[in-house]
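These notes concern the structure reproduced below.
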Amino acid sequence: MTVTVGTELPPMVIEATPTMIISTALATRDFQDVHHDRDAAVARGSKDIFLNILTDTGLVQRFVSEWAGPEALVRSIKIRLGVPCYAYDTLTFTGRVTARDGADLELAVSAVDSLGEHIGGTVSVTLPEGDS
Amino acid sequence: MTIEEAAAKIAAAGECSPRPGRDPVNQAMVNSWVEAIGDANPVYTDPEYAARSVHKGLVAPPAMAQVWTMAGLHGTRADDDPMSAIMAVLDEAGYTSVVATNSEQTYHRYLRAGEEVSITTELEDVTGPKRTGLGEGWFVTTRLNWYAGSELVADMLFRILKFRPREAEPPPAPVLRPVISPETAFFWEGLREGELRIQRWGEVLRHPPGPMPPDGALDAVADHVVASGRGTVYSYVAHHHPPVPGKRLPFVVALVELEEGVRMMAELLDVEPDEVHVGLAVRAAFVRIDDELTLPAWEVAR
């Protein structure tokens, strides 16, 4: 893979089903009711249950390492949280390389749903030796 | 003590005491996590692949750093946790709602099964008050540090907005409803259809409508004309008190001389009392209340 500043990552599409939202909330040990109980989420002013932040970080890691390869080292994931991602919405991740210093890359990533930008952020990764 | 002073005091206390995670880093939680997230990277789950990889063995996903120390279903914060302290200060000041805005994690190394992870929190920064789309609030930045033993393995800058939710608009109070008689029904029907109707007795227009013509002729029958809706303020009053159901105070009631020659009274909408004067040109407006009732009103002709 030839990686230069401006290289685009292949997009990743995630269906935010209730099962996905609830199973990721529990797998990240986040038991806040708004991530698994629709009645509670609605009572707090939300449209439905919504994706939690720890999952956002996990999805960004998955998105980047699926492109960079299993041995790329993820150094940091810095995300800005935008509109919520409610159940039944679809998240589309896009990203591109914004800086390269040897094997160290900086990537700009974004995930949008029907309401707008859910995640915006930057990820630092180190490519394994031998990758160009 | 101001919020800034309280925040400075909490920040000065530095890092709180470490709180250990419930379980050491373990494969079962990694397996649940990669399954839910859909992360198929074999360095987390395939021992043979992981052994041949740069890691020389299985590792935990770095994005799980925070997972190891999540408090869980019945968790509570440590007594000296600065997040609890600053939340209490802001709750007390009326900033009762919270939304996370930034999560910035840095991984110093990957963790492996068996490692015991603990967490500390320190308050880094409190800035505000800021006007935001959600309401006025304060940005609270904390730094969370994850340790394996005494080694810092990951950290996170976590920023939340602690805000005072904007008050919901109170539901509109019911309006005072007019008494509608057989003689005035045409007027209210007209308003529902967007017409300002004036009672006519032969050549004579009359408002308010009545059961008999001005000259008292007993055999006369009324009909109506539709006013153009144009007129000028003949007189007015700015009503400041007492409250009137369905009205926001102050409001202006204007007696308007219509170009047809009769005078009619109604609220003058969307105007400050000091903008109104005798002779001000206005036009008819129709305020729909529900299927049954539309009220007459005026608006400034611009």
Side-chain angles (χ1 to χ4, degrees), chain A residues 12-15 19-34 36 44-46 51-66 68-84 103 119-130, chain B residues 21-23 28-46 49-50 52-55 59 61-75 97-110 133-134 154-161 165 168:
Chain A
M12 176 176 87
V13 176
I14 299 286
E15 300 297 339
T19 300
M20 193 271 174
I21 291 173
I22 294 167
S23 61
T24 53
L26 301 188
T28 53
R29 284 181 54 74
D30 184 347
F31 296 90
Q32 300 261 0
D33 53 18
V34 292
H36 62 260
R44 291 177 192 279
S46 294
L51 215 56
N52 76 336
I53 301 166
L54 285 80
T55 298
D56 290 335
T57 304
L59 290 173
V60 168
Q61 177 190 274
R62 171 184 157 187
F63 172 57
V64 169
S65 58
E66 278 181 2
E71 295 191 80
L73 301 179
V74 179
R75 303 292 190 179
S76 71
I77 298 176
K78 300 180 178 181
I79 57 173
R80 206 172 48 247
L81 304 159
V83 297
I119 302 170
T122 58
V123 180
S124 299
V125 294
T126 303
L127 296 177
E129 276 179 44
Chain B
R22 183 187 65 175
D23 303 300
M29 281 171 65
V30 170
N31 289 345
S32 295
W33 189 93
V34 298
E35 186 174 42
I37 298 287
D39 193 325
N41 190 331
V43 300
Y44 309 139
T45 52
D46 181 339
Y49 185 97
R52 293 193 308 269
S53 76
V54 291
H55 299 291
V59 288
M64 280 187 79
Q66 190 175 1
V67 175
W68 306 116
T69 55
M70 287 294 279
L73 188 53
H74 304 295
S97 293
V98 66
V99 62
T101 66
N102 297 78
S103 162
E104 302 189 351
Q105 299 190 347
T106 302
Y107 314 111
H108 302 293
R109 69 165 173 82
Y110 282 41
L134 294 168
D155 64 72
M156 171 166 73
L157 181 150
F158 190 59
R159 183 171 296 133
I160 60 169
L161 171 67

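Note that the coordinates shown come from a computational prediction; the quantities given were computed from them, not determined experimentally. In what follows, every chain begins at residue 1, and chains take the letters A, B, ... in the order their sequences are listed.
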When the 4.5 angstrom heavy-atom criterion is applied to Ala71(B) and chain A, the contacting part is backbone
Under 4.5 Å to a heavy atom of chain A? For Ser103(B) that would be both
Rounded distance (nearest 0.5 Å) linking atom [atom1] of [X] with atom [atom2] of [Y]:
X	Y	atom1	atom2	answer
Trp33(B)	Ser23(A)	CH2	OG	12.0 Å
Met70(B)	Leu54(A)	CE	CG	5.0 Å
His108(B)	Arg75(A)	NE2	CZ	11.0 Å
Asp155(B)	Ser76(A)	CG	OG	9.5 Å
Thr57(A)	Met156(B)	OG1	CE	7.5 Å
Glu104(B)	Thr122(A)	CD	OG1	7.0 Å

Could you check whether any side-chain N or O of [X] sits under 3.5 Å from a backbone N or O of [Y], counting only pairs where one atom can act as donor and the other as acceptor?
X	Y	value
Arg80(A)	Asn102(B)	no
Gln105(B)	Ile77(A)	no
Arg29(A)	Thr69(B)	no
Tyr110(B)	Leu73(A)	no

- request: Would you mind checking which part of Ile79(A) comes under 4.5 Å of any heavy atom in chain B, side chain (CB onward), backbone (N, CA, C, O), both or neither?
  value: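 Backbone plus side chain of Ile79(A), per the 4.5 Å heavy-atom cut-off to chain B.
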Comparing Val59(B), Val34(B), Leu73(B), Val43(B) against chain A, the one with the most heavy-atom pairs below 4.5 Å turns out to be Leu73(B)
With chain A, the option among Leu157(B), Thr101(B), Thr106(B) that has the most non-hydrogen atom pairs under 4.5 Å is Thr101(B)
Inset, instruction - With side-chain contact (heavy atoms from CB on, under 4.5 Å) as the test, would you mind laying out the steps for Val67(B) and Thr28(A) before giving the verdict? - result: CA-CA 5 Å; Val67(B) 175; Thr28(A) 53; 4.0 Å; yes
